[in-house]
Structure formats: structure tokens, C-alpha cells
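Scroll down for the structure; my scribbles are underneath it.
All values reported here derive from a predicted model rather than from experimental measurement. All values below were derived from every heavy atom in this structure, side-chain atoms included, with hydrogens, water molecules and symmetry-related copies excluded.
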There are 2 protein chains.
Amino acid sequence: MALTAESITTTALDILSRYGLGDLSMRRLARELEVQPSALYWHVKDKQELFVLLATRMNAVVDARCPSTSDPVAAVMALREILLTYRDGAEIMLLGYSIAPERVTPAALSVSVLGASASHGIMAHVLGAVTIEQNRSAFGIAAVGPGERLAEITAKLLEV
Amino acid sequence: MALTAESITTTALDILSRYGLGDLSMRRLARELEVQPSALYWHVKDKQELFVLLATRMNAVVDARCPSTSDPVAAVMALREILLTYRDGAEIMLLGYSIAPERVTPAALSVSVLGASASHGIMAHVLGAVTIEQNRSAFGIAAVGPGERLAEITAKLLEV
DNA sequence: ACCTGAACACCGTTCAAGT
DNA sequence: ACCTGAACACCGTTCAAGT
């Protein structure tokens, strides 16, 4: 198949969900796509940009489930679910959100819907909490408090 | 000087504050300490354990400033300040907190003082928010909302 | 006990050169 | 326009061997 930013993103997400961030290298990605590592750099500036592409795609999945009129708490729970389906999804979205917040915020949690304080506050919290949750499970440590607390806290943060 | 876990930690924090996480490699660390890379592994199991040592040390600085009876909001702001003094401090503490939460939670924000929900909720939020803040400034992107919002949100999360 | 030296199996990125 | 091949400057970790 023709190498494109899209096919690179798809394969990267596949490696991610199967092996995790530690195995997602440009060289590994190239091997999976049966091209030389250098070929990737014609389609993608660098690894950072790849992360933004990954985060954008994860976000699109959330938007497909939850339009901008959705209940924010439901959107947060959907976001968490998507992040959990990809190993280290939260860590990647944390990076992507840092670089390009607008492209990586679900519509139902956007600044225009919730206001800046609630939107940024909620995003920082979800991404922080799920990153910790995923790190923990990667180390085989039991979760301290999973999704219930996230819903509760999100509701609180909507008042900010 | 004699190579110890402490001297390794100190030098690692020094590299961190001067060059950031990208330059904190075991090899670089060894070069700075004037030993072979393999020498580090007699004192430290692996790089993950080093991160826990770094996080524990940062936490100790917060505890020195804010005892367990301190105002939680003040402790959060002190934690943020410490994290900001070390480049990528939040990212490292996020990892350390995932592995060993008790060793990496400031006394004033501990489970025994605030309860599980508030303690974990606040820690997830601070670490998420400051990681984003540090990532952003590393990319030369202007901060969206710095410390003020953090204080406000922390106050809200104390009610959880 | 503590460290060296050498090795293993990797990285991200660049760039001339090919088609 | 799109990709290969080779190179550059690195990684984390292990392990026999030295002192």
C-alpha cells in the first residue's frame, strides 16, 4: 500500500495497542510498513509530529461517539475508554494536548462549550489520572481508583 | 567522590535542571560522574528506579517547605514550584507517583490527611497540569493558564 | 564490594543518490 | 514526488573480568 501520513498513523496505533509506547520506534514502524526508516520522514516531520497525529486520531474517535452537545461527564468517560484501548494512550495524548490543545480536545469538552477554565482543568485532570492508571497497570500495580472517581471529579470541575 | 545512590540522584537532578529529560541518559549520567555506564547498575536497578529516586527527592524538598499540617493549597503551589525548577520535573514525578504513590506524595497532601479521593484527585491534577505546562514551555508555546487556576481547582477538589 | 571493558541489540534523524 | 542506503551520534542493560 502507498505510504501516507494516514497509513503511518494507523500502523503506529496498531503497534501502540499491541506492544505499547516502548516498542513504538520510527525504525520499528518502518519495519512494520516494509519501508526504510528514512522513508517516514518524507510524510512526517519527526516523532513529535507523529504523536500529534496519533492524539488527533484518538480524539476523532471520541468525537464520533460524543458530539459537541454531549454530556461532558459522558465525554470524559468515553475519552478514558479510548485512551485505555491504546496502551500508553494517555501519555501520548498528554504530549499531543501540550502541543496542539485545540486539535486534541473532544468537541464536548472544548473551550467554546465549557469555557477555558473548565475545559483545560478537566483535560489536565483526565490526562493526568489516566496516565497514572495506565502506568500502574503496565507495572502490574492494582488501580487505586478507576473511573468512578473520574466522573465525580469531572462533575466538580464543571463548576470552576 | 564515592559513587552512591545519593550522588547519582544529585547529579541526575543537576542534568535535569540544566538540560532536561532528553539529555538524562544513563550514559550521560555516567560520563558526568566519571564512571563507566555499567557502574551505575551496581547502585540502581534500572532507569525506572532512578526516576523514583528523583521523584522521592523532589518530594522531600516540598515536605521541607510544607509539613503535614500545612494548607493543602499552599502545598500544591509549593509542589508546582519545585517541579518547575527541574525541567520535566512533573513528567518524572508522574512516573514516580505511578510506581510508588506513598513515597512521592507530599505529607500535606497524603491520604491520611486528605482522604484517598482528595489526595489522589489532587495529585493527578497537579501532575497532569504541570506536565502540560512544562511541555508547552519546552516547545516555546505560551502557557494557557498557569498557577492561579491550579489553586482554584485544588480548592474545589478538596471537597471531593 | 565496587568498578571496568566489551559486547548486544537497539534508537532518531539526515542526506546523497536513485527511480 | 517518493523512497533507498549508508552514515552519524547516540541509547539501556548485561556480564565476565579485574581490584
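- Toward the 5′ end of DNA chain C lies the nearest nucleotide of B:Ser38, the other residue of the pair B:Ser38 and A:Pro37 mapping further downstream.
- The two residues A:Leu114 and A:Leu109 have their closest heavy-atom pair at CD1-CA, 3.7 Å.
- Separating the C1' atom of C:dC8 from that of D:dC11 is a span of 12 Å, rounded to the nearest Å.
- Electrostatic pairing of B:Glu6 and B:Arg57 does not count as a salt bridge here, judged by no charged N lying under 4.0 Å from a carboxylate O.
- The hydrophobic cluster containing A:Trp42 does not contain A:Leu53, counting ILVMFWY residues as joined when their side-chain heavy atoms lie under 4.5 angstrom apart, directly or transitively.
- B:Val111 and B:Leu94 sit in two unconnected hydrophobic clusters of ILVMFWY residues. Membership requires side-chain heavy atoms under 4.5 Å apart, directly or through other members.
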Intra- and inter-strand pairs of DNA chain D in dot-bracket (Watson-Crick or G-U wobble, both distances under 3.5 Å; | for another strand): ||.|||||...|||||.||

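- Protein chain A contacts DNA chain D from D:dA1 to D:dA7, reading 5' to 3' and using non-hydrogen atoms of the protein with a distance under 4.0 Å.
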Candidate pair A:Glu91 and A:Asn135, rule side-chain contact (heavy atoms from CB on, under 4.5 Å), full reasoning: CA-CA 9 Å; A:Glu91 203 168 329; A:Asn135 281 347; 3.7 Å; yes

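- Listed by first and then second residue, the salt bridge (Lys or Arg N to Asp or Glu O under 4.0 Å) pairs that reach into residues 38-50 of chain A come to none, sequence neighbours excluded.
- Annotation for B:Glu34: atom CD does not count as buried by contact number, only 12 or fewer foreign heavy atoms lying within 6.0 Å.
- Listed by first then second residue, pairs satisfying side-chain hydrogen bond (donor to acceptor under 3.5 Å, both in side chains) with a partner in residues 103-114 of chain A read A:Ser110-A:Ser112, not counting sequence neighbours.
- Connection of A:Val126 to A:Val61 is established within a shared hydrophobic cluster, with ILVMFWY side chains joined at heavy-atom distances below 4.5 Å, either directly or through further cluster members.
- As rounded to the nearest Å, C:dC10 and D:dA9 have P atoms that lie 22 Å from one another.
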Please list every donor-acceptor pair under 3.5 Å in which a side-chain atom of residues 13-23 of chain B meets a protein atom from a residue at least two apart or in another chain.
residue : atom : partner : partner atom : Å
B:Asp14 : OD2  : B:Arg18 : NH1          : 3.3
B:Asp14 : OD2  : B:Arg18 : NH2          : 3.4
B:Ser17 : OG   : B:Leu13 : O            : 3.1
B:Ser17 : OG   : B:Asp14 : O            : 3.1
B:Arg18 : NH2  : B:Glu32 : OE2          : 3.4

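- Scanning residues 6-36 of chain A for heavy-atom distances under 4.0 Å to DNA chain D yields A:Arg27, A:Val35, A:Gln36.
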